[in-house]
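To keep things clear, I will list the structure first and then write my remarks on it.
A quick note: this is a predicted structure, and the numbers were derived from the prediction, not measured.
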Amino acid sequence: MRMRVRAAAAALLMTVAVSACSENQSSGESDDDSGAPSVAVNFGVGVDPAYSPIYLANQENLFKEAGLDVTVTQYQEGTGGLDAILAKQGQVTASTESSLLNRATRGDIKGLAVFSQSPDFIKLVARAGITDVAGIKKYGVVPGTVNEYATNKVLDSRGISRDAVEFVKASPAEMPALLQRGDVDGYIMWEPWPSRGVANGGKVLLTSGEIGYVYNLVIGVDGAWYEANKETARKVVDTVGKACEQLTADPAKAGTVTEKAIKVPAAEAQTLLKGVQCQVRDFTDEDIKRYQEIAQFQQDSKIVTQKADPAAVMVRGVA
């Protein structure tokens, strides 16, 4: 498999040409097992250990073994793959349910399956000297991501108004340094950024599960492309499922493939993934209800002008 690394999604969006609005809609398959060549798939992922099943499928040729032509492209944030779909430069991605619902208000993006979840992978870390949520006056926020939603959950859990705190916008990779300098008092983020904050003198105050949030990582697709390439999409989902099965049977593999993909030491990556359930599954009624809450939050907070409809965005029955 091939691996490309791109910088911020914003740079990608600036390069969108008038070229090929129909690019993501074309089908190179017959949706059967006739042995016809598979269509090329650009699979966008973020750079943290939670994407380890895609790293594994890429590095150990599981996509190729399934007859798929997949290029895995890494972005600084999980939203990068979603932005690539909106820019007609990608077909498949992996992101949190929150980010997918946000981007689904801007274009035809669908969710096909959950492949990872955990109540502990997302953590709130505060700078040295702060021992309680009430002491956090400046929050680091990555707009439009699950971090923004989780920050709101933290405030709600303590009865703190959003108007009573300051939000400092930055990328995930910038957060540990901002915390160390005191430019932010805390942030709630996915690993490895909380652990990086702790290494800079911070302290973990709580996990997302303690404020009633278990994150989901979701396989997302360009909606029009999916309609034309359902068999390829199903094979991608199945292949990620097989990668999850391997990681569940041998957790050390998650560390090995993560280290190779994003240079996080294998032992550290394996530790960070403790408690993360890697399993491809269909969406449940409970999922849709929780996604409705997230979509409503995004509209109420003016993150989006019109909320997404999770029942329409999430395609059930694929996994």
Side-chain angles (χ1 to χ4, degrees), residues 45-57 77-79 81 93-101 111-125 142 145-154 157 172 175 186-198 203-220 237 240-241 243-259 261-262 264-284 286-291 293-294 310 314 319:
V45 298
V47 285
D48 69 60
Y51 296 99
S52 56
I54 293 97
Y55 300 154
L56 184 148
E77 301 169 21
T79 51
T93 189
S95 68
T96 62
E97 76 282 56
S98 178
S99 295
L100 190 146
L101 290 168
L112 298 187
V114 174
F115 73 91
S116 178
Q117 61 184 34
S118 172
D120 304 319
F121 192 70
I122 294 176
K123 304 177 181 72
L124 174 65
V125 60
V142 185
T145 68
V146 69
N147 152 267
E148 189 168 14
Y149 171 71
T151 300
N152 189 69
K153 293 284 285 185
V154 170
S157 72
M175 295 298 180
Y187 56 86
I188 182 164
M189 194 76 64
W190 51 89
E191 290 289 6
W193 309 118
S195 293
R196 296 286 188 268
V198 170
K203 178 182 179 180
V204 171
L205 298 187
L206 55 79
T207 66
S208 69
E210 294 175 65
I211 53 172
Y213 175 55
V214 177
Y215 88 91
N216 286 174
L217 280 182
V218 175
I219 298 172
V237 171
V240 176
C244 277
E245 290 172 1
Q246 288 192 24
L247 294 182
T248 299
D250 183 5
K253 271 191 173 183
T256 302
V257 298
T258 298
E259 180 173 38
I262 61 173
V264 171
E268 179 185 353
Q270 189 176 349
T271 298
L272 296 179
L273 286 169
K274 285 183 179 178
V276 173
Q277 182 183 18
C278 185
Q279 178 185 12
V280 168
R281 64 170 179 81
D282 201 359
F283 302 106
T284 66
E286 184 179 347
D287 291 330
I288 300 301
K289 182 179 179 181
R290 188 170 64 255
Y291 300 167
E293 178 187 329
I294 294 172
M314 306 304 178

**OP:** Indicate the ring-plane relationship of Phe283 and Tyr291, choosing parallel, tilted or perpendicular according to the 30° and 60° boundaries.
**Re:** perpendicular
**OP:** With side-chain contact (heavy atoms from CB on, under 4.5 Å) as the test, would you mind laying out the steps for Val114 and Glu97 before giving the verdict?
**Re:** CA-CA 9 Å; Val114 174; Glu97 76 282 56; over 6 Å; no
Original post:
Asn147 side chain to Val142 main-chain N or O, any donor-acceptor pair under 3.5 Å?
Top reply: yes
Subject >> 4.5 Å side-chain heavy-atom contact, Val280 and Val237 >> reply: yes
Subject >> Nearest-0.5 Å distance, CD1 of residue Ile219 to CG of residue Leu112 >> reply: 7.0 Å
Original post:
If you round to the nearest 0.5 Å, how far is CG of Leu206 from CD1 of Ile188?
Top reply: 5.5 Å
**OP:** Would you confirm whether Tyr187, through its side chain, and Trp193, through its main-chain N or O, come within 3.5 Å as a donor-acceptor pair?
**Re:** yes
Original post:
Is Glu191 salt-bridged to Lys274, going by a charged N under 4.0 Å from an acidic O?
Top reply: no
Original post:
Does Lys153 reach the side chain of Glu293, with side-chain heavy atoms less than 4.5 Å apart?
Top reply: yes
Original post:
Are the side chains of Pro192 and Asp48 in touch, meaning some heavy atoms are under 4.5 Å apart?
Top reply: yes
Original post:
Looking at Pro194, Ser208, Ser195, which hits side chain to side chain contact (heavy atoms under 4.5 Å, CB included) with Met189?
Top reply: Pro194
Subject >> Val276 vs Ser116 side-chain heavy atoms within contact, under 4.5 Å >> reply: yes
Original post:
From Cys244 SG over to Ile54 CD1, what is the distance, rounded to the nearest 0.5 angstrom?
Top reply: 7.5 Å
Subject >> Ser99 (side chain) donor-acceptor with Thr96 (main chain) under 3.5 angstrom >> reply: no
Original post:
Closest heavy-atom contact between Ile288 and Pro310?
Top reply: CD1-O, 4.1 Å
Original post:
Do Leu56 and Lys253 touch side chain to side chain, with heavy atoms closer than 4.5 Å?
Top reply: yes
**OP:** Verify, without hydrogens or angle tests, whether Gln270 (side chain) and Gly255 (backbone) share a donor-acceptor contact under 3.5 angstrom.
**Re:** no
**OP:** Walk me through it: do Thr145 and Trp190 pass the test side-chain contact (heavy atoms from CB on, under 4.5 Å)?
**Re:** CA-CA 11 Å; Thr145 68; Trp190 51 89; 4.1 Å; yes
**OP:** Report the distance from atom CG of Leu247 to atom OH of Tyr55, rounding to the nearest 0.5 Å.
**Re:** 12.0 Å
Original post:
Thr207 versus Phe121: any side-chain heavy-atom pair under 4.5 Å?
Top reply: no
Original post:
Distance from Glu148 atom CD to Ser98 atom OG, nearest 0.5 Å?
Top reply: 8.0 Å
Subject >> Side chain to side chain, Thr248 and Gln279, heavy atoms closer than 4.5 Å >> reply: no
Subject >> Min side-chain heavy-atom separation Glu268-Thr258 under 4.5 Å >> reply: no
Subject >> Pair Arg196-Val264, side-chain contact (heavy atoms from CB on, under 4.5 Å): steps then yes or no >> reply: CA-CA 11 Å; Arg196 296 286 188 268; Val264 171; 3.8 Å; yes
**OP:** Check the pair Asn216 / Arg290 against side-chain contact (heavy atoms from CB on, under 4.5 Å), numbers first and verdict last.
**Re:** CA-CA 10 Å; Asn216 286 174; Arg290 188 170 64 255; 3.0 Å; yes
Original post:
Are any side-chain N or O atoms of Thr93 and backbone N or O atoms of Gly220, one a donor and one an acceptor, separated by less than 3.5 Å?
Top reply: no
**OP:** Determine the minimum heavy-atom distance between Ala50 and Leu217, stating which atoms define it.
**Re:** CB-CD1, 3.4 Å
